[in-house]
**Student:** 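Below is one structure. I have some questions about it.
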Protein chains: 2
Amino acid sequence: MVTKQRGDLPPDADLTRADSLAREIFSDVANKWALLIIEALGERTLRFSALRNEVDGVSHKMLTQNLRMLERNGLVRRTVHPTVPPRVDYTLTEPGQALRATVSGMCDWTQRYLTHIETARRDFDAPFEAGWPRALAR
Amino acid sequence: MVTKQRGDLPPDADLTRADSLAREIFSDVANKWALLIIEALGERTLRFSALRNEVDGVSHKMLTQNLRMLERNGLVRRTVHPTVPPRVDYTLTEPGQALRATVSGMCDWTQRYLTHIETARRDFDAPFEAGWPRALAR
DNA sequence: CAGCATCCAGTATGATACTG
DNA sequence: CAGTATCATACTGGATGCTG
């Protein structure tokens, strides 16, 4: 499992290492921008600027930074065309595609429960907006 | 889609609102701790301290903070037992369970591509560790 | 035990400017 | 166009102490 890392040393040190590696990867991938980038790429090949347009609100810096990380983990293939001006294409690799499948699941989930969540929020926020003393609110 | 919000105003202002709401929810949920907590809860009901043990490395603060957020979005049900000392149980709601399904997918993915990613990283890091000038590395 | 508030360090992020 | 570096700042997250 990814939720638990074994902090203690052996019996089997290799398991510990695998666990902490798993956690590391999970932490890399489980962030807003990385997931949005993966989803935006989909099955397409996009150049940097196009990708920037697809992922709404991402800054130049966050995009490069996350793309480097994804490339390092082998989820994204980066192709440099030695033209001028330079042109760089990004595509999901097979592992990247596999991850995207689950990310799409998350996006679908968001859509499906959108209104559900909206009302949940309203209920939750109601007492506060009514100006209740925090101690009694819940 | 979640990757694109329409920043411009109407034609249809309701779509814009839905998009930005979707993005907001996605951003809430797409973070390391939230996902780990959801995965750790699974089908069980856990009290605060137990959950803290399950999600390795989470601080008291991050746990409360994320649990509040998840409760607000209606993904987690919080049950307070009026005993002394107090006892508080957390369970995933139906929407929470639905999300967990996709999160489990991400965890499985991590396991499946663990070694794959490990070698990808080694390849990527190799030139740098060899002390190459950054400009020529790639 | 669970929760909240506070303080503070470390990090993430955005804006800007410069290079190939 | 894509990438890197730098800087200022906002935010995150951890530690601590107090409350019911």
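Quick note on labels: first sequence line is chain A, next is B, and so on, each numbered from 1.
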**Student:** Could you tell me how far apart B/Gln65 (CD) and C/dG3 (P) are, to the nearest whole angstrom?
**Tutor:** 13 Å

**Student:** Without decimals, in angstroms, what is the distance between A/Leu67 CG and D/dG3 P?
**Tutor:** 7 Å

**Student:** Which whole-number value in Å describes the distance from B/Asn66 CG to D/dT12 C1'?
**Tutor:** 11 Å

**Student:** How many whole angstroms separate atom CG of B/Asp89 from atom P of C/dC1?
**Tutor:** 15 Å

**Student:** Looking at residues at least two apart in the chain, or sitting in another chain, which of them share a side chain to side chain contact (heavy atoms under 4.5 Å, CB included) with B/Asn31?
**Tutor:** B/Trp33, B/Ala34, B/Asn66, B/Met69

**Student:** Nearest whole angstrom, please: distance from the C1' of D/dG14 to the CG of B/Asp56.
**Tutor:** 16 Å

**Student:** Between the base of C/dG3 and the side chain of B/His60, is one N or O donor paired with an acceptor at under 3.5 angstrom?
**Tutor:** yes

**Student:** For A/Arg47, which residues count as a side chain to side chain contact (heavy atoms under 4.5 Å, CB included) partner, sequence neighbours excluded?
**Tutor:** A/Ser49, A/Ala50, A/Arg87, A/Asp89

**Student:** Not counting sequence neighbours, which residues clear side chain to side chain contact (heavy atoms under 4.5 Å, CB included) with B/Thr91? List them please.
**Tutor:** B/Thr45

**Student:** Counting only side-chain N and O atoms of A/Arg68, is one of them less than 4.0 Å from OP1 or OP2 of D/dT4?
**Tutor:** yes

**Student:** Measure from CG on B/Leu51 to P on C/dA2 and round the result to the nearest Å.
**Tutor:** 10 Å

**Student:** With distance as the sole test, does B/Thr102 use its side chain to make a donor-acceptor pair with the main-chain N or O of B/Ala98 at under 3.5 Å?
**Tutor:** no

**Student:** Quantified as the angle between the terminal helix axes (five pairs each), what is the overall bend of the helix from C/dC1-D/dG20 to C/dG20-D/dC1 to 10 degrees?
**Tutor:** 40°

**Student:** Pick the nucleotide of DNA chain C nearest each of B/Phe48 and A/Ser59; which residue has the one closer to the 5' end?
**Tutor:** B/Phe48

**Student:** Tell me whether the side-chain N/O atoms of B/Tyr90 come closer than 4.0 Å to OP1 or OP2 in C/dG3.
**Tutor:** yes

**Student:** Report the residues that fulfil side chain to side chain contact (heavy atoms under 4.5 Å, CB included) with A/Thr119, sequence neighbours left out, ordered by chain and then residue number.
**Tutor:** A/Arg122

**Student:** Not counting sequence neighbours, which residues clear salt bridge (charged side-chain N to carboxylate O under 4.0 Å, His left out) with A/Arg72? List them please.
**Tutor:** B/Asp125

**Student:** Does B/Arg47 place a side-chain N or O at less than 4.0 Å from the phosphate oxygens OP1/OP2 of C/dC1?
**Tutor:** no

**Student:** Give a yes or no on whether the backbone of A/Ala18 and the side-chain of A/Arg23 come within a donor-acceptor separation of less than 3.5 Å.
**Tutor:** no

**Student:** Tell me, please, which residues at least two apart from A/Tyr113 pass ring pair (Phe, Tyr, Trp, His ring centres under 6.0 Å).
**Tutor:** A/Trp109, A/His116

**Student:** Using atom CE of B/Met69 as one end and atom P of D/dT12 as the other, report the distance to the nearest whole Å.
**Tutor:** 11 Å

**Student:** Which whole-number value in Å describes the distance from A/Met62 CE to D/dT9 C1'?
**Tutor:** 14 Å

**Student:** Which parts of residues 25-34 of chain B get close to DNA chain D, meaning a heavy atom less than 4.0 angstrom away?
**Tutor:** none

**Student:** Please list, one pair per line, the donor and acceptor atoms closer than 3.5 Å that link side chains of residues 35-44 of chain B to other protein atoms, with sequence neighbours excluded.
**Tutor:**
{"from": "B/Glu39", "atom 1": "OE1", "to": "B/Ser104", "atom 2": "OG", "distance (Å)": "3.0"}
{"from": "B/Glu43", "atom 1": "OE2", "to": "B/Arg100", "atom 2": "NH2", "distance (Å)": "3.4"}
{"from": "B/Arg44", "atom 1": "NH2", "to": "B/Ala40", "atom 2": "O", "distance (Å)": "2.7"}

**Student:** Pair B/Glu24, A/Arg121 - check salt bridge (charged side-chain N to carboxylate O under 4.0 Å, His left out), show working.
**Tutor:** CA-CA 12 Å; B/Glu24 204 180 308; A/Arg121 284 186 173 190; 2.6 Å; yes

**Student:** Counting heavy atoms from C-beta on, name the nucleotide in C/dA2, D/dG3, D/dG14 closest to the side chain of B/Pro86.
**Tutor:** C/dA2

**Student:** Would you indicate, yes or no, if D/dA2 has its OP1 or OP2 atom less than 4.0 angstrom from a side-chain nitrogen or oxygen of A/Ser49?
**Tutor:** yes

**Student:** Please determine whether a side-chain nitrogen or oxygen atom of A/Arg78 lies at a distance below 4.0 Å from atom OP1 or OP2 of D/dA2.
**Tutor:** no

